[in-house]
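Structure, as structure tokens:
This one's a predicted model, so the numbers in the text were calculated from it and none came from an experiment.
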Amino acid sequence: ELKLLQIWIFPNKKNVEPRYGQMTLNVAERKNKFQQVVSPNENDEGMWIHQDAWFHMTDLDAGKKLTYDIKKKGNGVYCFVLEGDVTINGQDLNRRDGLGIWGTESFDVSAKSNTSVLLIEVPMM
């Protein structure tokens, strides 16, 4: 069985050198907190990309709540539920549901069951 999620992000400038990266994530680092896995900063946590975009993952225990703060004004966030049941920004979501959020500085992620969520923050051009 294969579980794959392929995500394409347009770079923020032309003619950048194409590259491929691979990393191993420590799952314990996202238990009830946000683990950054992508950032626009080369010396930051996770992989870096040519875009004002950040990816975070979290594995929340049932009943836990986190607040996500938008990193850059004008960005929006696509929330993707990998596993479990969650309420994001007042919207109930289940496994494999997605939700786009923009026009805010922060939002809450509340787990109704043990939950894994991917947050993809990108410019809303």
Side-chain angles (χ1 to χ4, degrees):
E1 181 177 338
L2 175 67
K3 293 181 182 179
L4 176 72
L5 183 62
Q6 186 175 40
I7 302 166
W8 292 76
I9 304 291
F10 288 108
N12 57 7
K13 56 187 169 187
K14 294 184 180 210
N15 300 317
V16 296
E17 180 73 25
R19 62 188 171 83
Y20 169 82
Q22 191 171 345
M23 62 187 271
T24 301
L25 299 173
N26 182 347
V27 176
E29 291 180 12
R30 66 175 168 252
K31 183 72 169 176
N32 294 315
K33 62 183 180 178
F34 293 117
Q35 177 186 34
Q36 184 172 284
V37 294
V38 172
S39 131
N41 306 311
E42 189 171 357
N43 297 319
D44 212 347
E45 294 176 55
M47 309 273 303
W48 69 274
I49 61 173
H50 293 285
Q51 185 51 273
D52 294 325
W54 289 262
F55 291 25
H56 289 84
M57 295 182 74
T58 184
D59 291 338
L60 292 175
D61 291 332
K64 293 286 186 178
K65 178 173 96 171
L66 295 176
T67 299
Y68 182 82
D69 296 316
I70 304 289
K71 308 289 181 248
K72 184 173 181 185
K73 186 175 179 152
N75 277 5
V77 179
Y78 179 72
C79 308
F80 186 75
V81 181
L82 299 165
E83 295 291 339
D85 306 291
V86 67
T87 300
I88 299 177
N89 205 33
Q91 180 71 44
D92 291 336
L93 302 168
N94 303 300
R95 182 179 185 268
R96 300 295 187 205
D97 284 344
L99 176 69
I101 299 172
W102 62 92
T104 188
E105 295 179 4
S106 65
F107 59 89
D108 292 333
V109 178
S110 301
K112 298 190 307 187
S113 65
N114 291 344
T115 304
S116 295
V117 178
L118 171 64
L119 303 178
I120 304 169
E121 179 179 335
V122 294
M124 299 297 294
M125 294 181 194

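Going from atom CD1 of I120 over to atom CG of L5 covers 6.5 Å, rounded to the nearest 0.5 Å. Interatomic distance, M124 CE to I70 CD1, rounded to the nearest 0.5 Å: 10.0 Å. Note that the CH2 atom of W102 and the CG atom of N75 stand 13.5 Å from one another [nearest 0.5 Å]. Note: E121 CD to C79 SG = 10.5 Å, rounded to the nearest 0.5 Å. With rounding to the nearest 0.5 angstrom, the CZ atom of R95 is 11.0 Å from the CG atom of D85. The structure places CD of Q22 at 8.5 Å from CE of M47, a figure rounded to the nearest 0.5 Å.
Within a 6.0 Å sphere centred on NZ of K71, other residues, nucleotides and ligands contribute more than 12 heavy atoms. For K31, the NZ atom sits in a packed shell: over 12 heavy atoms of surrounding residues, nucleotides or ligands are nearer than 6.0 Å.
Closest non-hydrogen pair, G98 versus Y78, comes out as CA-OH, 3.5 Å. Considering every non-hydrogen atom in both P40 and Q51, the closest pair reads CB-O, 2.9 Å. Between D52 and P123, the closest heavy-atom pair is O-CD, 3.4 Å.
At a threshold of 4.5 Å between side-chain heavy atoms, the hydrophobic network of Ile, Leu, Val, Met, Phe, Trp and Tyr places L60 and I88 in one connected group. Linking ILVMFWY residues whenever their side-chain heavy atoms come closer than 4.5 Å, directly or via other members, leaves L82 and I101 in distinct clusters. There is a path of hydrophobic side-chain contacts, each under 4.5 Å, that joins L25 to F80. Connection of L119 to V38 is not established within any shared hydrophobic cluster, with ILVMFWY side chains joined at heavy-atom distances below 4.5 Å, either directly or through further cluster members. Y68 and L118 are members of different hydrophobic clusters when ILVMFWY side chains are connected at heavy-atom separations under 4.5 Å.
Under the 4.5 Å side-chain criterion, counting only non-hydrogen atoms from C-beta, Q91 is not in contact with D97. Contact check for T115 versus V109: no side-chain heavy atoms found under the 4.5 Å cut-off. Residues F55 and I7 form a side-chain contact, since some pair of their non-hydrogen atoms from C-beta on lies under 4.5 Å apart. A 4.5 Å side-chain heavy-atom check between W8 and Q6 finds at least one atom pair inside the cut-off.
Just one of N89, T87, T67 meets the side chain to side chain donor-acceptor pair (under 3.5 Å) condition when paired with D108; it is T67. For the side-chain contact (heavy atoms from CB on, under 4.5 Å) test with V117, the passing option among L93, T58, L66 is T58; the others fail.
Taking the six-membered ring where tryptophan is involved, the planes of H56 and F34 are perpendicular, since the angle between them exceeds 60° and thus also 30°. The aromatic rings of H50 and W48 sit perpendicular to each other, their planes meeting at more than 60°, with 30° as the lower class boundary.
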